[in-house]
Amino acid sequence: MSQEKLPGRAESALPRLAVLMGQGAGSAESVPEGSKLEIPLWLAKGLHDSKRRIISVELPKIYKEAWRTVFSADANVVDLHKMGPYYYGFGSQLLNFENPENPEIAQTDSVCSLQTFIARFRRIMDSSQNAYNEDTSALVARLDELERALFQVGQKGLNDFQCWEKGQASQITASSLVQNYGKRKLTEVDG
């Protein structure tokens, strides 16, 4: 996720960073003030400072108002992996940057992301539970990395259940969530 690119602008000259920013051939070249940039998240975090104004960060197009409208209409039609494989995590990182739209984004984008996730979650879990021994590559290709992990967890649960149902499971074991809950409960009683 830290490699995802952010649009931005150099608010001051950036000496000897042109090669790193993909704007020059020589290591001695600088990025002039006012230049538009596409920089990775990790570098944007390092250079973004509200006091020194080194760079300013703009909102990527998928998080802007037009896309929020698309997500609110039908979140399931959007190919999140194509738009950015870490849509949810990257969106939460954008709130760390000062942006004139941040108060609005903090309210609407986090709500929009949550609503998008909720709308897509049901379909993902339904698909993972109803796709036993089927090719799911077309569905998975459109998912964000978080959604892919959820799909895999659902598929593993389905496969484990099918093995148990066929008598191929040697022993029923408690879920790791249940085991961890029991341990947490014991430490609360002991403490």
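These values consider heavy atoms only, across backbone and side chains, with no hydrogens, waters or symmetry-generated copies.
Contacts of Glu33 classified as salt bridge (Lys or Arg N to Asp or Glu O under 4.0 Å), with partners at least two apart in sequence or in another chain: none. With sequence neighbours left out, the side chain to side chain donor-acceptor pair (under 3.5 Å) criterion links Tyr88 to Glu147. Not counting sequence neighbours, Gln155 has no partner by the side chain to side chain donor-acceptor pair (under 3.5 Å) test. Under the side chain to side chain contact (heavy atoms under 4.5 Å, CB included) criterion, Ser2 pairs with Trp42, sequence neighbours left out. For Pro60, the side chain to side chain contact (heavy atoms under 4.5 Å, CB included) criterion is met by Leu6, Pro7, Tyr63, Phe90, Leu94, not counting sequence neighbours. Scanning for side chain to side chain donor-acceptor pair (under 3.5 Å) contacts around Gln93 gives Lys45, Asn96, with sequence neighbours left out. Remark: Gln152 engages no residue in a side chain to side chain donor-acceptor pair (under 3.5 Å) (not counting sequence neighbours).
Hydrophobic clustering (side-chain heavy atoms under 4.5 Å, transitive across Ile, Leu, Val, Met, Phe, Trp, Tyr) groups Val77 together with Phe117.
Note on residues 75-85: no pairs pass salt bridge (charged side-chain N to carboxylate O under 4.0 Å, His left out), not counting sequence neighbours. Listed by first and then second residue, the salt bridge (charged side-chain N to carboxylate O under 4.0 Å, His left out) pairs that reach into residues 154-167 are Lys156-Asp160, sequence neighbours excluded.
Within the 4.5 Å cutoff, the side chain of Leu80 has heavy atoms near those of the Arg120 side chain. Side chains of Val78 and Tyr87 form no contact here, defined as non-hydrogen atoms less than 4.5 Å apart.
The minimum heavy-atom distance linking Ala44 with Val57 is given by the pair CB-CG2, 4.3 Å. Contact between Ile54 and Leu47 at its shortest, heavy atoms only, is CB-O, 3.3 Å.
Atom OG1 of Thr136 is separated from atom CZ of Phe151 by 4.0 Å, given to the nearest 0.5 angstrom. Atom-to-atom distance recorded for Arg9:CZ and Ile39:CD1 is 12.5 Å, nearest 0.5 angstrom.
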Practice task
Go through the steps to decide whether His81 and Arg148 satisfy the test side-chain contact (heavy atoms from CB on, under 4.5 Å), and finish with yes or no.
Solution key: CA-CA 10 Å; His81 197 269; Arg148 286 182 180 191; 3.2 Å; yes
Residues 121-129, side-chain donor-acceptor partners within the protein, below 3.5 Å, at least two apart:
residue : atom : partner : partner atom : Å
Ser127  : OG   : Arg123  : O            : 2.8
Ser128  : OG   : Met125  : O            : 2.9
Gln129  : NE2  : Gly154  : O            : 2.7

